[in-house]
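A, B, ... follow the sequence lines: proteins, then strands. Residue 1 opens every chain. This structure is a prediction, so every number in the text was calculated from the model and none was measured.
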Amino acid sequence: MVDDTGLTQPRPPARPRWLKMLAIAAAAAVVVFVIVALMTGGGHGPGRHLPGGEESPGHTPPVQHTP
Amino acid sequence: MVMRPGTRKFVLSVHLVFSVGWIGTVLAYLALGVSAATTTDAQTVRSAWSAMELTGWYVIVPLALGSLASGLLMALGTKWGLFRHYWVIISFALTLLSNVVLLLHMPTVSATADVAREAEGVGLDALGGDLLHPGVGLALLLVIQVLNVYKPPGLTRYGWRKQQERRRAS
C-alpha cells in the first residue's frame with residue numbers, strides 16, 4: 001500500500017478510522033435522543049410532522065381561520 | 001462530466017454562499033426560538049414566531065434547497081463524484097436529511113405562528129420556543145462544514161473501482 005487513494009492497492013481500501021468514529025458518535029447521539037425522548041414523554045418523532053401525525057403536548061395544532 | 005475551472009469556481013462560490021448563509025440564518029432562527037422560549041412578554045412571543053415563520057420559509061428553505069442543488073452539482077461536476085468518497089456521501093446524505101426535516105417541520109412553524117398571532121395568556125405561554133430542530137440542524141450543518149473543509153480520505157469500493165479503471169486505461 002502506497003497511499004490511501006487506492007491507486008496501488010490490489011484490494012479495495014478498508015473503511016477509514018474517522019468513518020468508524022463518526023458512526024459511533026452518531027449511534028451514541030441517537031441513543032441519547034431516544035432516552036431523552038422516552039424520559040420526557042416520547043412525543044417527538046418524524047411522524048408528528050406527517051398528515052395525521054400526533055401532536056406532542058408542547059406543540060399547538062394549526063388554527064383554521066374563518067372570515 | 002467535469003466542469004471547466006471557471007464554471008467550477010462559480011458553482012463553488014454559489015455553493016459557499018448558500019451553505020454559509022444557511023448556517024447563519026439557522027443561528028438567527030435559534031436566537032428567535034430562544035427568545036420565544038424565555039420571554040414573558042406576549043408581544044415578543046408573537047413577533048418571534050412570526051419572524052421564525054418568515055425567516056424559515058423565505059430564507060432558510062431557499063438556502064437549504066440551493067445548498068443541496070449546488071452541492072450535487074459540485075459533486076457530479078468535479079473529480080470528487082457523488083459516490084466515490086465517504087466524506088462526499090455523508091455530506092450529501094446529511095444535507096438531504098436536513099432538507100427533508102426542514103420541509104416537514106416548517107408547516108408546524110406556520111401553524112404555531114398562526115396560533116401565536118391570536119392566542120392570549122396561558123395559551124401563548126404554552127407555545128414556548130423552537131430549540132430542538134434548529135439546535136440539531138445547526139450541529140448537522142457544522143459536521144457537514146467540517147467534512148467539506150477537511151475532506152478526510154477514504155475511497156468507497158465504487159470509487160476504488162473507478163480509479164483502477166482509469167489507471168488501467170491510462
With the 4.5 Å side-chain cut-off for hydrophobic clustering, are [X] and [Y] part of the same group?
X: B:Leu76; Y: B:Ile89; answer: yes
X: B:Val146; Y: B:Leu142; answer: no
X: B:Val26; Y: B:Val20; answer: no

Taking every heavy atom of B:Gly154 against every heavy atom of A:Pro16, the minimum-distance pair comes out as CA-CG, 3.9 Å
Here the pair of heavy atoms bringing A:Arg15 nearest to B:Tyr86 is CG-OH, 3.5 Å
Check whether B:Leu147 gets within reach of chain A through its side chain, its backbone, both or neither, counting any heavy atom under 4.5 Å. side chain
So, taking the atom named CG in A:Leu22 and the one named CG in B:Leu94, what distance separates them when rounded to the nearest 0.5 Å?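 It is 7.5 Å, given to the nearest 0.5 Å.
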Which residues share a ring-ring contact (aromatic ring centres under 6.0 Å, His included) with B:Trp80, sequence neighbours left out: B:His85, B:Trp87
If you count the non-hydrogen atoms of other residues, nucleotides and ligands that lie under 6.0 Å from NZ in B:Lys151, is the total more than 12?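 Yes, NZ of B:Lys151 has more than 12 neighbouring heavy atoms, counting only those of other groups under 6.0 Å.
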Test item: A:Trp18 side-chain N/O and B:Pro153 main-chain N/O as donor-acceptor pair under 3.5 Å: yes
